[in-house]
Amino acid sequence: MSCRWGTELWDQFDNLEKHTHWGIEFVERYTKFVKERSEIEISYAKQIRNLSKKYQPKKNSREEDEYKYTSCRAFLMTLNELNDYAGQHEVIAENLTTHIICELTRYIQELKAERKSHFHDGRRAQQHIENSWKQLESSKRRFERDCKEADRAQQYFDKIDADINVTKADVEKARQQAQLKHQVAEDSKNEYLTYLQKFNKEQNEHYYSLIPHIFQKIQEMEEKRIEKVGESMKTYAEVNRKVLPIVSKCLDGMTNAAASIEPTMVVESFKSGFEPPGDVEVEDYSLSMRRTVSESSYLNSRGEGKPSRSNSRGKLWPFKRNKLMSLLASPRQPPPPPPTSPSPGAMPNGPQSPQQPKEPLSHRLNEFMTSKHKMQCLRSLTRGVMAPTLGSGPEDCSHLPPEQRRKKLQAKINDINKELQKEVDQRDALTKMKDVYVKNPHMGDPNSVDPRLEEIGQNIDKLELDSRKYEAWLLEVETRLAEKSDPHRRQSGLYDSNATTPVNNNCAPVNRESPDGSYTEDHSTEHHLKSRSTDFDDDFDDEDPLPTIGTCKSLYPFEGQNEGTISMAEGELLYVIEEDKGDGWTRVRRNEDEEGYVPTSYIKVFFDTNAKGAMTYI
């Protein structure tokens, strides 16, 4: 239902004035509310940003290492999303200030000026009608007074005219006075009627024209104010609603970050790739009590305990006599790059000497010393886990456990690729600059770019060489891990023909590679090994050669300068007599008198599926 203030509220001028004043105060109060909300949003966003910054990882600190775990990375993603979330609150504050606070502040000033103008017109119209009313009242009182005076003058004339004692002159004077008073009363009446007519006209115009018009403008002003407040409240809600999709994305990002947490990162971070040590063999020291501890008894027991040649020929020894002694006496060098790994004789799963059926006293002492070596192996397993934090180690990270070495090499390859890409980009940019200089000599000398291009080219060559080197090492480690994870490629042997217990070479006397990848050599047993070389000479004199299990073709030339290795030319065909056991070396034969180890990465092997390879002693 439409109501018009001019007709319905014609007599409520003062109340309308109070109501409009309250309306302006309400708009000011709402503006203040939005302003304080904006300040709260800015303060909240600042505190959120400070909180996010406080828990961000510091550069070059221990916390950076923690972010390899998925939970820490999820927390970092949560902090980043929280930072974006704070930005949305800043957007809210900015939009509130721009679309509501500024608009309402400007509108309030306009509203105050418009209201002042309308009520000024209303007061002026009210003042005019009041003045007309006062004039009407004044003429009315004057007309009333003149009528009363004319009535008294007429009564006085009638009284004198009836009195016979009054002279004629007095009667005439009273008559003239009465006529004068009647004339004045008549004039007052005419004036009163004129003012009355004028007032009625002005009053009709005032209440039916001026006031309705003014009140109508005030009504429109008030309705516009109410609509403006409603629009501002709607804008207030829309400002908050607009950021909800982005806030929802921030929350979804936090949820996705939480969902990405995986508990397996602990295994990936600390997995060494080694297998648990085997069972500890029984070391029966009571046997030495039954023997006379002397050199003569040792020599006698040596002659009595030496096995026959028929027994020694039944053993499958993976080394020739001179090569076995050279491998046991000194550590082998790793194969040259691209593959770098310890020599076969230095690996835990490399071939070792079989157990003697009857052992002299020196061999028992030797086993006693090797028991210490087993403890060193166990201690080195612990050192292998801590090695990444104790030092940088060699370039190929061979001091690390296999799994940690693989991750370290992969990280180095990624860093090298990034640096390589930067150098390539610089080279391309300088090449374009040189072309510009060639086409436009006034811009610069083309030859000035050549030294830098040459330097970048050298850097690229060096980085590419390093990349290939690390990729070769990585391929080697991955190959080893794949072989160790494949149970079909693990073969076990080394059982004595007269014994029931397999020999455990986890405690190999010398040339062992500890679980942390470093060489471990027990110098305390070196003297016994040299003194017993004659025993090994007798055992290996008439050994049959190992059967071939396939052929191989050399991909690169290899000099074979170290003891136990064999040289080969590129493209040469050789016979494979023992496959790689995970140490990076393969045993090959050229003829009956020439055989040795070559790097596995230097050859391409073709196994004979019908041939049975040499026994693997583990």
Side-chain angles (χ1 to χ4, degrees), residues 1-25 111-225:
M1 181 177 179
S2 178
C3 298
R4 299 180 62 86
W5 288 14
T7 56
E8 303 293 337
L9 304 176
W10 60 270
D11 56 345
Q12 301 297 323
F13 184 86
D14 295 337
N15 290 333
L16 290 179
E17 185 178 12
K18 294 178 181 179
H19 174 75
T20 53
H21 179 71
W22 169 85
I24 293 177
E25 289 182 346
L111 184 62
K112 287 182 177 180
E114 184 179 2
R115 175 181 176 276
K116 181 179 179 181
S117 175
H118 293 329
F119 281 96
H120 177 72
D121 295 341
R123 290 192 186 93
R124 187 172 56 185
Q126 192 73 19
Q127 186 67 31
H128 180 74
I129 197 65
E130 289 178 357
N131 291 335
S132 297
W133 172 256
K134 289 179 180 179
Q135 290 179 356
L136 177 62
E137 287 294 322
S138 176
S139 63
K140 178 182 178 181
R141 287 192 298 270
R142 188 169 51 251
F143 172 60
E144 181 181 7
R145 185 182 65 251
D146 292 343
C147 287
K148 290 180 179 180
E149 290 180 354
D151 187 49
R152 285 196 299 270
Q154 184 65 35
Q155 291 177 0
Y156 180 73
F157 170 72
D158 292 341
K159 181 180 179 182
I160 291 179
D161 187 41
D163 190 1
I164 59 174
N165 295 322
V166 179
T167 62
K168 187 177 180 180
D170 292 335
V171 173
E172 185 62 24
K173 183 178 179 180
R175 185 179 63 79
Q176 292 178 357
Q177 188 67 27
Q179 289 179 353
L180 180 62
K181 293 296 181 181
H182 280 288
Q183 185 62 38
V184 171
E186 188 65 26
D187 294 340
S188 297
K189 179 181 178 181
N190 293 333
E191 182 180 1
Y192 168 69
L193 293 175
T194 301
Y195 279 112
L196 179 61
Q197 185 179 3
K198 178 182 178 182
F199 174 78
N200 290 333
K201 181 180 179 181
E202 291 178 353
Q203 180 177 252
N204 184 71
E205 183 179 1
H206 176 80
Y207 288 110
Y208 291 97
S209 179
L210 293 177
I211 291 298
H213 179 70
I214 295 173
F215 281 14
Q216 182 64 29
K217 290 182 179 180
I218 296 175
Q219 180 181 0
E220 293 175 356
M221 178 193 70
E222 184 67 10
E223 291 176 351
K224 184 178 179 181
R225 179 192 67 83

Checklist entry - Should I214 and I218 be marked as a side-chain contact (heavy atoms from CB on, under 4.5 Å) after you check the CA-CA gap, both sets of side-chain angles, and the distance that decides it? => result CA-CA 6 Å; I214 295 173; I218 296 175; 4.1 Å; yes
Next on the checklist: Go through it in stages, so that I can follow the logic: the residues are H21 and E25, the test is side chain to side chain donor-acceptor pair (under 3.5 Å), and I'd like the CA-CA distance, side-chain angles, deciding distance and then a yes or no.
Outcome noted: CA-CA 6 Å; H21 179 71; E25 289 182 346; 2.9 Å; yes
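Look at E144 and K148 and you find a salt bridge, because one of the NZ, NE, NH1 or NH2 atoms lies within 4.0 Å of a carboxylate O, short of that distance. With respect to the salt-bridge test (charged N to carboxylate O, under 4.0 angstrom), the residues D170 and K173 do not qualify.
Among residue pairs with one or both ends in residues 125-142, those qualifying as salt bridge (charged side-chain N to carboxylate O under 4.0 Å, His left out) are R142-E191; sequence neighbours excluded. Pairs passing the ring-ring contact (aromatic ring centres under 6.0 Å, His included) check and including a residue from residues 138-175, sequence neighbours excluded, read F143-Y192. Residue pairs meeting the ring-ring contact (aromatic ring centres under 6.0 Å, His included) criterion with at least one member in residues 204-225, sequence neighbours excluded, are W10-Y207, F13-F215.
The two residues A125 and L210 make their nearest non-hydrogen contact at CB-CD1, 4.2 Å. In terms of heavy-atom proximity, T20 sits nearest to F119 at OG1-CE1, 3.3 Å. In terms of heavy atoms, A185 sits closest to A150 at CB-CB, 4.1 Å.
Distance CG/N131 to CD/Q126: 10.5 Å, rounded to 0.5 Å. A distance of 7.5 Å separates NE2 of H118 from CD of E220, quoted to the nearest 0.5 Å. Atom NE2 in H182 sits 13.0 Å away from atom CG in D187 (nearest 0.5 Å). The line from CD of Q203 to CD1 of I211 is 11.5 Å long, rounded to the nearest 0.5 Å. Between atom CG of residue L9 and atom CG of residue D11 there is a gap of 7.5 Å, rounded to the nearest 0.5 Å.
Of the possible polar contacts, one joining the S139 side chain to the L136 backbone as a donor-acceptor pair under 3.5 Å is found. N204 contributes no side-chain N or O that, together with a main-chain N or O of N200, makes up a donor-acceptor pair within less than 3.5 Å. Looking only at distances, a side-chain donor or acceptor of N190 sits under 3.5 Å from a matching main-chain atom of E186. A donor-acceptor contact shorter than 3.5 Å is absent between the side chain of R225 and the backbone of L111.
Listed by chain and residue number, I24, E28, I108 satisfy the side chain to side chain contact (heavy atoms under 4.5 Å, CB included) test with K112 (two or more places apart in sequence, or in another chain). With sequence neighbours excluded, the residues satisfying side chain to side chain donor-acceptor pair (under 3.5 Å) with H19 are E222. In this view, K201 satisfies the salt bridge (Lys or Arg N to Asp or Glu O under 4.0 Å) rule with no residue, not counting sequence neighbours.
One side chain, E223 or Q219, offers a donor N or O that lies under 3.5 Å from an acceptor on the other. Under the 3.5 Å distance criterion, with hydrogens and angles disregarded, a donor-acceptor pair is assigned to the side chains of D158 and Q154.
The 12-atom threshold is not exceeded at CD of Q197, counting heavy atoms of other residues, nucleotides or ligands nearer than 6.0 Å.
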